[in-house]
Asks: 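My structure is below; once you've seen it, I'll send some questions.
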Amino acid sequence: AQKITQTQPGMFVQEKEAVTLDCTYDTSDPSYGLFWYKQPSSGEMIFLIYQGSYDQQNATEGRYSLNFQKARKSANLVISASQLGDSAMYFCAMRSNFGNEKLTFGTGTRLTIIP
Amino acid sequence: NAGVTQTPKFQVLKTGQSMTLQCAQDMNHNSMYWYRQDPGMGLRLIYYSASEGTTDKGEVPNGYNVSRLNKREFSLRLESAAPSQTSVYFCASSEMGAGRSGRAYEQYFGPGTRLTVT
């Protein structure tokens, strides 16, 4: 069974600072993918970034990067130079790359950016 | 290109009533999913469909049924609504084959349906 743990229910960060959102996972699958989604107050789920378990380099997408430490089973999201629009819920999710490829989500972290 | 659409956006039901949530995608994806989101619990998978004509249970299937009408449409039915089914429901779709391709094949989500059962 797969499990995602996000231990930070809420975080407050000053605008323009960098922020790290924690995510640890547990799986016995040899091949898997890790995702981060953003959910603003409007409710939609927005895909941010993806890391494959065999990717050699950490994924980056603009101001988002994923600090992937496979041995520690962690996949933390780093947002550089935070903006007010980054205030949202952030979900970490994992997918096995075998079988039905469904996602398992963590409980999320509510990030609030302070001006 | 509308992506994933869901209807209705809001619904209030009385206990015991039935309803069907509709979902459609125009991205030619094989896989479709239904999730529910409750405060403090993230998103939990109700049912999924890996391809047209197939459906399978997820983590919390009790009280729900699904139909994969065709490749585009995947509906979720509540036969006898209960207050415990008050939630926000999301439909999602994705391509399959991530394990072979190494690509992200992320899931695309609809805007959600906020359901209240009184």
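Below, chain A is the first sequence line, B the second, and so on; all start at residue 1.
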Asks: Given a strict heavy-atom distance threshold of 4.5 Å, which part of Y37(A) is in contact with chain B: side chain, backbone, both, or neither?
Replies: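 For Y37(A), side-chain heavy atoms alone lie under 4.5 Å from chain B.
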Asks: Is there a donor-acceptor pair under 3.5 Å between the side chain of R95(A) and the backbone N or O of Q107(B)?
Replies: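 It does not hold such a pair.
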Asks: Pair Y35(B), M45(A) - check side chain to side chain contact (heavy atoms under 4.5 Å, CB included), show working.
Replies: CA-CA 12 Å; Y35(B) 295 90; M45(A) 296 289 288; over 6 Å; no
Asks: I want to check something: taking the side chain as every heavy atom from C-beta on, are D56(B) and K102(A) in contact at a cut-off of under 4.5 Å?
Replies: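 No, too far: nothing below the 4.5 Å cut-off.
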Asks: Measure Q37(B) against the heavy atoms of chain A and call it side chain, backbone, both or neither at under 4.5 Å.
Replies: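 For Q37(B), side-chain heavy atoms alone lie under 4.5 Å from chain A.
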Asks: Considering only heavy atoms, give the residues of residues 104-115 of chain A separated from chain B by less than 4.5 Å, sorted numerically, with 'none' for an empty result.
Replies: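 Hits under 4.5 Å: F105(A), G106(A), T107(A).
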Asks: Take a 6.0 Å sphere around NZ of K3(A) and say whether it holds more than 12 heavy atoms from other residues, nucleotides or ligands.
Replies: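 No, NZ of K3(A) has 12 or fewer neighbouring heavy atoms, counting only those of other groups under 6.0 Å.
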Asks: Taking C-beta and beyond as the side chain, do Q39(A) and F109(B) meet within less than 4.5 Å on heavy atoms?
Replies: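 A side-chain contact under 4.5 Å is absent here.
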Asks: What part of Q6(A) lies closer than 4.5 angstrom to a heavy atom of chain B: side chain, backbone, both or neither?
Replies: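 For Q6(A), neither part sits under 4.5 Å from chain B.
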Asks: Measuring heavy-atom distances to chain A, does L45(B) have an atom under 4.5 Å in its side chain, in its backbone, in both, or in neither?
Replies: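 Contact with chain A is through the side chain of L45(B) alone.
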Asks: Under the rule for salt bridge (Lys or Arg N to Asp or Glu O under 4.0 Å), what residues qualify as partners of D26(A), not counting sequence neighbours?
Replies: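 Applying salt bridge (Lys or Arg N to Asp or Glu O under 4.0 Å) to D26(A) gives K73(A).
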Asks: Suppose clustering is done on Ile, Leu, Val, Met, Phe, Trp and Tyr with side-chain heavy atoms closer than 4.5 Å. Which residues sit in the same group as L69(B)?
Replies: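 Direct or chained contacts put L69(B) with none.
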Asks: Could you list the residues that satisfy salt bridge (Lys or Arg N to Asp or Glu O under 4.0 Å) with E44(A), not counting sequence neighbours?
Replies: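 Not a single residue meets the salt bridge (Lys or Arg N to Asp or Glu O under 4.0 Å) criterion with E44(A).
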Asks: Let me confirm one number: the CG-OH distance from L103(A) to Y33(B), rounded to the nearest 0.5 Å.
Replies: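 The CG atom of L103(A) sits 7.0 Å away from the OH atom of Y33(B).
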